[in-house]
Each structure stands twice: as structure tokens, then as C-alpha cells.
Protein chains: 2
Amino acid sequence: MSEATEQAAPKAKRPTRAHRREEILAAATRVFGSKGYHQGSLVDVAAQVGITHAGVLHHFGSKDKLLWEVLEYRDRVDVQHLEGKHIPGGMDLFRHLVTTAQLNADRRGIVQAYAVLTGESVTDGHPASSWVGHRFSVLRGEIAEAVREVARERDVTLPDGEAERAANAVIAVMDGLQLQWLLDPEAVDLAEATRFAIESILTATLGSTVRIAST
Amino acid sequence: MSEATEQAAPKAKRPTRAHRREEILAAATRVFGSKGYHQGSLVDVAAQVGITHAGVLHHFGSKDKLLWEVLEYRDRVDVQHLEGKHIPGGMDLFRHLVTTAQLNADRRGIVQAYAVLTGESVTDGHPASSWVGHRFSVLRGEIAEAVREVARERDVTLPDGEAERAANAVIAVMDGLQLQWLLDPEAVDLAEATRFAIESILTATLGSTVRIAST
DNA sequence: CCACACTTACTTACTGGTTAGTAAGTCCCA
DNA sequence: TGGGACTTACTAACCAGTAAGTAAGTGTGG
């Protein structure tokens with residue numbers, strides 16, 4: 001967790017370790033994104049930073065550990081555009097999801113890495129499967145809570161488990177649209193399609209029209 | 001194409017070639033499903049049929065060709081429960097999609113293979129990417145046409161491109177739900193969630209409640 | 001009806017390539 | 001002068017694909 005050394009140091013020049021690790025993480029994200037975890041090699045990652053694969057192992061110990069740090073790195077990047085630091089609730093959450101989709105349309109590499117690793121993670125004993133599983137369950141909880149919040153605001157009583165069903169559908173549609181967009185960017189407008197799909201699910205769940213402002 | 005010899009032969013015993021190929025295809029589906037294409041080896045596939053990897057190559061020539069036949073095999077299996085042979089249109093199509101989801105809940109292997117290969121296919125130069133891309137575009141066309149058909153039945157005029165947007169969302173939600181279900185079958189009722197999501201999207205698209213009978 | 005020609009379904013053995021990981025040494029900066 | 005950031009050199013494993021051989025059919029001509 002606490003990696004220390006975050007520009008708080010008085011001395012000017014000491015970017016080496018933390019900085020190099022960050023470079024490697026970015027490179028690994030690109031490599032795992034474009035080739036997958038199994039097919040993307042440490043040699044590929046190392047070459048992008050201009051070192052040998054043994055140099056990468058010096059910093060991360062093993063390929064599995066590197067993957068773990070890449071996933072955490074993605075999480076960090078993912079929320080860094082949120083100044084509030086905290087994930088919003090209620091309708092703000094859905095606006096946030098659409099905004100993220102919009103940003104993602106210009107971050108193909110990260111989207112690809114996420115899609116590839118998520119798909120790969122359903123294989124037996126994949127090192128990322130617990131991360132993806134955990135991620136899904138956290139997201140499910142947050143989105144379901146937001147659905148309940150909006151329902152409360154509108155005085156709608158939801159059947160049992162309905163919020164979770166809606167949350168699952170929202171997560172599913174976002175992942176699925178990313179896949180289609182990656183394979184054929186012309187066929188899908190990522191942000192627009194995401195907004196449309198989330199609105200549809202919320203509207204059907206809450207029984208009254210839900211709109212998400214197109215930023 | 002024409003593989004000839006389809007039980008029309010008078011002589012009783014000659015299942016060897018065609019039968020062996022089916023065995024290998026089934027094994028390859030399991031292997032690619034549980035390990036992915038790159039990580040699943042010909043040795044793995046061969047072992048499941050009780051031969052060597054060279055024996056597999058004798059039948060399929062190369063690993064890439066084997067993958068292609070696996071994908072076609074999946075298509076064949078996928079529609080074989082349709083007696084009409086033809087994919088239905090209108091509301092029947094959506095009923096068919098839900099029914100398929102229901103069947104899929106008992107065919108984890110095939111779902112896993114599809115999910116893994118679809119995810120892997122977004123990597124650079126993957127041999128399955130054109131298949132997946134083609135599959136998406138065909139599905140998109142068929143589902144969009146079904147949406148238009150239902151809209152016509154209900155005297156609803158759809159904005160331009162709305163049918164395609166709905167189709168994309170339907171495809172996305174199905175793929176996404178499969179992923180979640182594979183990673184945590186307890187958290188998602190595949191058929192139920194699929195029905196819910198498709199109903200939501202159709203309802204929002206057509207402006208009036210759409211129900212799909214739960215078979 | 002059977003022997004010879006040919007095909008099919010493999011196996012064994014190998015090649016050339018790639019992989020993650022290790023160990024030991026070198027260079028450079030503080 | 002000492003420690004971190006590497007490199008070089010290596011290993012052991014695994015991979016797809018090829019080549020050559022074998023054993024068991026299958027078809028056919030006499």
C-alpha cells in the first residue's frame with residue numbers, strides 16, 4: 001500500500017526507483033492490454049522502458065506481482081480525475097459512469113487492458129480472477145446503493161433484489177459495450193451508448209423516465 | 001465444405017474421421033475455454049482424446065485452423081436446438097435470446113470458451129478477432145431488425161439509429177452478464193438477468209412496457 | 001478370395017523458438 | 001565505500017510445427 005516518496009522529499013533529485021516503477025507499470029499496461037497477460041512477455045515490457053527483462057524482475061519480483069501492481073495502478077489512474085477523491089452516490093454516480101466512458105474513448109490502451117484481463121480472468125487459476133471478482137462485487141454494491149438512493153428520492157419502492165439486478169445490468173452493459181467498441185470503434189459511440197443503456201435500465205427499474213445530462 | 005459421408009453410407013462402420021474430429025473439437029472447446037487459446041496447448045487437447053499433439057495436427061493442420069473450426073463448431077451447437085433452423089425475428093428473437101441464456105446456464109464450458117476467446121480477440125492480431133467482429137455485426141443487424149419489427153407492430157416510430165443502439169445494448173448486456181456469471185454464478189441468475197435487461201432496453205426504446213414470457 | 005497397392009491414423013523424435021526466473025557480476029552515484 | 005540499478009549469461013520448461021516411420025485398414029485386379 002503506502003509506497004511513500006510522493007514529491008514530499010526535500011531533496012530535488014530522486015525519481016529513480018518510484019519513477020522507474022511507474023514507467024514499467026505504464027509499459028506493462030500497454031503490453032498486457034495489447035497482447036494479454038499470458039502472451040505479453042516481460043521482454044516486451046522491458047524493451048519499452050529500454051532495459052532487459054531481468055531489470056523488470058529486479059523491481060517487481062515476478063510477473064504475477066507485476067500484474068497485481070498493474071491492476072492497482074489502473075485503479076489509481078481511474079479515480080485520479082475525481083477531485084472529490086470519493087466515488088459519488090445517487091444520480092451523480094451514473095453521471096460519473098457516463099463521464100468515465102467518455103474519457104475512456106480517448107484511452108483505448110487502458111480499456112483494452114481491462115477488457116483483455118477481464119476476459120482472461122475467467123480461465124482456470126488466472127492470477128487476476130480474484131481481482132476482477134472483487135471489483136465486480138464492489139461495483140455491484142455501489143451501483144445498487146445508488147439505485148436505491150434514486151428510488152428513495154423518487155418515492156419508488158423496489159422489489160427485493162431489484163437494485164442488484166439493475167446494478168448487474170449496468171455493469172454488464174458497460175463491459176459489453178467496451179468489447180464491441182474495441183473491435184469496431186465505428187459501430188459504437190462509447191459514451192453515447194453507455195448513457196443510452198444506463199438510462200434504459202434505470203427507466204425500466206424505476207418506472208419513470210430517467211435522463212442523464214450529456215456533458 | 002462438403003465433407004461427404006454423412007450416415008448415408010450403406011456400410012455400417014466408418015465413424016472414424018468425422019467422429020474423431022468432433023471429439024477433438026469438443027476437447028479443444030474445453031481447453032480453450034478453460035485456459036484460453038494462447039495458454040491452451042495442443043498437447044492439452046490431444047491428451048483429452050488420448051492421442052499425441054501431432055495426431056491433432058494430422059486432423060487440423062495447425063492450431064489456428066483448429067481454433068477456426070472450434071468457433072464454427074460452437075455456432076453449430078448454438079443453433080442446433082432450433083428446429084426451424086432459421087433464426088426467428090420480432091419478439092420471437094428476444095424470446096430466443098432468453099431461452100439461449102437459460103440453456104447456457106447449463107453449458108458453462110461453451111460460455112466460458114466464448115467469453116475467453118472474445119476477450120482474447122481484442123488483442124493485436126488475434127486469429128479470432130475477425131470471427132468475433134463478424135459475429136457482432138451479424139447479431140447487431142438481426143437484433144436491430146427485430147427491434148424495428150416490434151416497433152412497427154406497435155406503431156412506434158424510432159429515431160434514426162435507435163434500433164442499432166438498442167441492439168448494441170442487448171448484445172453488450174448479454175456478454176457482460178456472462179462474464180459476471182462465470183466469475184460468480186451465485187451473484188447472477190443468467191436467464192433471469194438477461195430477461196430483465198432485454199426487457200428494460202426494449203421498454204425504454206419503444207416507450208411502452210415490453211414483457212418476455214419466462215418459459 | 002486373396003494378395004498387392006494404397007490410404008488413414010496415428011507415434012516418436014526432433015527443431016527452432018520463446019518463456020519466466022536465477023545468479024553473479026558491473027557500474028555509478030551519494 | 002557501499003548499495004541500489006541494472007546487465008550478461010544461463011537454465012529448465014514448454015511450445016507449434018515437421019519429418020519419417022508404423023500399423024491397421026480399404027479397395028481392387030486377377
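Quick note on labels: first sequence line is chain A, next is B, and so on, each numbered from 1.
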(request) Could you list by number each residue of residues 29-49 of chain A showing a heavy-atom separation from DNA chain C of less than 4.0 Å, or answer none if no residue does? (result)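 Only A:G40, A:S41, A:L42 qualify.
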
(request) Give, ordered by number, those residues of residues 113-132 of chain A having at least one heavy-atom distance below 4.0 Å to an atom of DNA chain C; if nothing qualifies, reply none. (result)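 Hits under 4.0 Å, by residue number: none.
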
(request) Output yes when A:E164 and A:R148 qualify as a salt bridge under the 4.0 Å nitrogen-oxygen rule, no when they do not. (result) yes

(request) Identify whether any heavy atom of A:H53 sits under 4.0 Å from a base atom; if not, whether one sits that close to sugar-phosphate; answer base, sugar-phosphate or nothing. (result) base

(request) Would you classify A:I51 as touching base, sugar-phosphate or nothing, given that sugar-phosphate means primed atoms plus P, OP1 and OP2, and contacts are heavy atoms under 4.0 Å? (result) sugar-phosphate

Review item, side-chain donor-acceptor pairs of residues 180-190 of chain B, under 3.5 Å, at least two apart:
from: B:Q180; atom 1: OE1; to: A:R140; atom 2: NH1; distance (Å): 3.1
from: B:Q180; atom 1: NE2; to: A:N168; atom 2: O; distance (Å): 3.1
from: B:D184; atom 1: OD1; to: B:E186; atom 2: N; distance (Å): 3.3
from: B:D189; atom 1: OD1; to: B:A191; atom 2: N; distance (Å): 3.4
from: B:D189; atom 1: OD1; to: B:E192; atom 2: N; distance (Å): 3.2

Check whether any side-chain N or O of [X] sits under 3.5 Å from a backbone N or O of [Y] as a donor-acceptor pair, and report yes or no.
X      : Y      : result
A:S62  : A:K65  : yes
B:R165 : B:D160 : yes
A:K63  : A:S41  : no

(message) Please pick, from D:dC6, C:dT11, D:dA5, the nucleotide with the shortest atom-to-atom distance to any side-chain atom of A:R17.
(response) D:dA5

(request) Would you mind telling me which of D:dT18, D:dA5, D:dT7 lies closest to the side-chain atoms of B:L57? (result) D:dT18

(message) Name the residue from A:L139, A:L97, A:L93, A:T205 that meets the side-chain contact (heavy atoms from CB on, under 4.5 Å) definition with A:V170.
(response)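 Result: among A:L139, A:L97, A:L93, A:T205, A:L97 is the only option passing the side-chain contact (heavy atoms from CB on, under 4.5 Å) with A:V170.
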
Tell me the interatomic distance from [X], atom [atom1], to [N], atom [atom2], rounded to whole angstroms.
X     : N      : atom1 : atom2 : value
A:K63 : C:dT22 : NZ    : C1'   : 17 Å
A:E23 : D:dA5  : CD    : C1'   : 13 Å
A:F60 : C:dG21 : CZ    : P     : 14 Å

(message) Please give me the minimum heavy-atom distance between A:V150 and A:M91, naming the atom from each residue.
(response) CG2-N, 3.7 Å

(request) Compare every heavy atom of A:A144 with every heavy atom of A:A163, then report the nearest pair and how far apart it is. (result) CB-O, 3.6 Å

(message) Please report the interatomic distance CZ(B:F196) to CD1(B:I201), rounded to the nearest 0.5 Å.
(response)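 Output value for this atom pair is 10.0 Å.
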
(message) Tell me whether the side-chain N or O atoms of A:H58 pair up with the base of D:dG4 as donor and acceptor below 3.5 Å, since no angle test is needed here.
(response)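 Under the 3.5 Å cut-off, the side chain and the base do not form any donor-acceptor pair.
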
(message) With a 4.0 Å limit, can you tell me whether A:H59 has a side-chain N or O closer than that to the phosphate oxygens OP1/OP2 of D:dA5?
(response) no

(request) For D:dC6, take OP1 and OP2 only and decide whether either is under 4.0 Å from a side-chain N or O of A:R20. (result)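 Checking D:dC6 against A:R20, a side-chain N or O does come within under 4.0 Å of OP1 or OP2.
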
